[in-house]
Amino acid sequence: MTYLSTVEAKCPECGSAEVVMDRETGETVCGACGLVVGEGMMDRGPDWRASSQEERDEKMRVGPPIDVTHYDKGLPTMIKVDEDAFGRPLSPEVRQQMWRLRRWNLRARLHTSASRNLSKAMAELELLSDKLSLPPFVRETAAVIYRRALGENLVQGRSIAAIVAASIFAACRIHRTSKTLREVAHVSTRREKEIFRSYRLILRSLGLDIPLDGPLDHVSKIAERAGVSGEVQGLAVRILQEAREKRAVGGKDPTGLAAAALYVAGLLRGEKMSQKDIARAADLTEVTIRNRKRELTQKLHLGL
DNA sequence: CATTCGTGAAGACGAAT
DNA sequence: ATTCGATTTCACGAATG
């Protein structure tokens with residue numbers, strides 16, 4: 001018992017022809033990438049064909065064609081407020097009641113479409129949060145951000161998964177949870193580039209002002225993954241603080257700085273640690289470690 | 001042999017135009 | 001929209017231990 005039916009359309013995002021209509025929800029979704037192509041978007045043309053004018057007159061009827069895939073069968077559920085079904089005027093009390101009914105009717109439609117979207121999004125959020133081992137409060141923040149993004153109509157025409165990933169990334173930055181964009185993208189089905197686009201859109205549309213992350217935000221995570229002692233870690237922090245004061249660094253990838261600081265701190269304390277190890281722990285290349293290391297040791301004139 | 005170091009080509013990005 | 005400059009990454013070879 002499947003409620004999905006293939007639609008004759010190509011996904012604008014991935015080009016796949018696996019675009020599918022959910023008969024229960026009326027949502028049109030790309031089966032390959034999850035992009036929400038549209039809600040209640042369907043062929044509004046005539047649902048019949050006529051070969052002659054007589055036939056045309058025969059089949060012609062008033063109103064939009066019926067599409068059974070829509071939950072309300074495509075019929076407009078307009079509630080009249082001025083007159084009853086026979087065109088007679090209504091009493092003021094009943095009129096007011098009709099206004100209320102109509103408001104509720106419109107509101108209910110919005111509500112159901114929003115909750116359908118949310119249930120999908122929250123499932124995705126939980127999945128990604130688990131993969132990233134996010135603390136609950138970060139996840140909460142991400143959920144709030146997503147809800148606001150949904151309220152601002154940022155999801156229409158974009159992939160739910162991408163907006164969810166972007167919300168998670170934003171929440172991580174807000175709480176200074178040192179998750180890189182790459183890490184988020186790694187557990188998501190969406191591309192890093194797309195997630196970043198969504199992230200920027202969210203920041204602007206919601207007026208979020210998130211401070212940039214510095215090298216210090218990444219030290220503990222990298223150190224832990226590389227198995228660096230707390231002592232060396234502390235030295236790395238001091239190196240970074242001094243580098244900041246001397247304006248020795250700028251415009252560089254913060255993770256690279258943090259990784260290099262840990263590396264040189266390890267050298268100074270004689271703790272064995274290859275560039276390869278650090279590079280892997282920081283998800284960078286050894287080249288970047290080397291370049292940062294060179295700048296660090298020169299500009300802070302550390303003997304090495 | 002593993003590690004380290006430097007280099008040139010290529011891609012990505014922001015800023016300037 | 002294109003161009004430019006800085007940065008990172010990749011692939012490689014050389015030096016070092």
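When reading the values below, keep in mind they use all heavy atoms of this one structure, side chains included, and skip hydrogens, waters and symmetry mates. Convention: sequence-line order gives letters A, B, ...; per-chain numbering from 1.
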Could you list the donor-acceptor pairs under 3.5 angstrom formed between side-chain atoms of residues 132-140 of chain A and any protein atom two or more places apart in sequence or on another chain?
none

Inset, instruction - For A:Phe169, enumerate each residue passing the ring pair (Phe, Tyr, Trp, His ring centres under 6.0 Å) test, keeping only those at least two apart in sequence or located in another chain. - result: A:Tyr199
Legend entry - Sequence neighbours excluded, every pair satisfying side chain to side chain donor-acceptor pair (under 3.5 Å) that has a member inside residues 169-180 of chain A: A:Thr141-A:His175, A:Arg176-A:Asp217, A:Thr180-A:Glu183
Inset, instruction - Please examine the side chains of A:Asp283 and A:Thr255, heavy atoms only from C-beta on, and report whether any two atoms are closer than 4.5 Å. - result: no
Legend entry - side-chain N/O A:Arg182 vs C:dT8 OP1/OP2, d < 4.0 Å: no
Inset, instruction - Check whether any side-chain nitrogen or oxygen of A:Arg292 sits under 4.0 Å from OP1 or OP2 of C:dT8, and answer yes or no. - result: yes
Interatomic distance where [atom1] belongs to [X] and [atom2] belongs to [N] [whole Å]:
| X | N | atom1 | atom2 | value |
| --- | --- | --- | --- | --- |
| A:Asp253 | C:dT8 | CG | P | 6 Å |
| A:Ile195 | B:dC13 | CD1 | C1' | 18 Å |
| A:Leu212 | B:dG14 | CG | P | 12 Å |
| A:Glu192 | B:dG11 | CD | C1' | 13 Å |

Legend entry - B:dG14 pairs with, by Watson-Crick or G-U criteria that keep both distances under 3.5 Å: C:dC4
Legend entry - Counterpart base for C:dT16, defined by Watson-Crick or G-U wobble contacts under 3.5 Å: B:dA2
Inset, instruction - Sugar-phosphate atoms are those with a prime plus P, OP1 and OP2; base atoms are the rest. Using that split, label each nucleotide of nucleotides 3-8 of chain B B, S or - for protein heavy atoms under 4.0 Å, 5' to 3'. - result: -BBBB-
Legend entry - By side chain to side chain donor-acceptor pair (under 3.5 Å) - contacts of A:Ser129 (at least two apart): none
Legend entry - side chain to side chain donor-acceptor pair (under 3.5 Å) partners for A:Thr285, two or more places apart: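 Partners of A:Thr285 by the side chain to side chain donor-acceptor pair (under 3.5 Å) criterion, ordered by chain and then number, come out as A:Thr288.
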Inset, instruction - Looking at every strand, decide which applies to A:Arg191 at a 4.0 Å heavy-atom threshold: base, sugar-phosphate, or nothing. - result: nothing
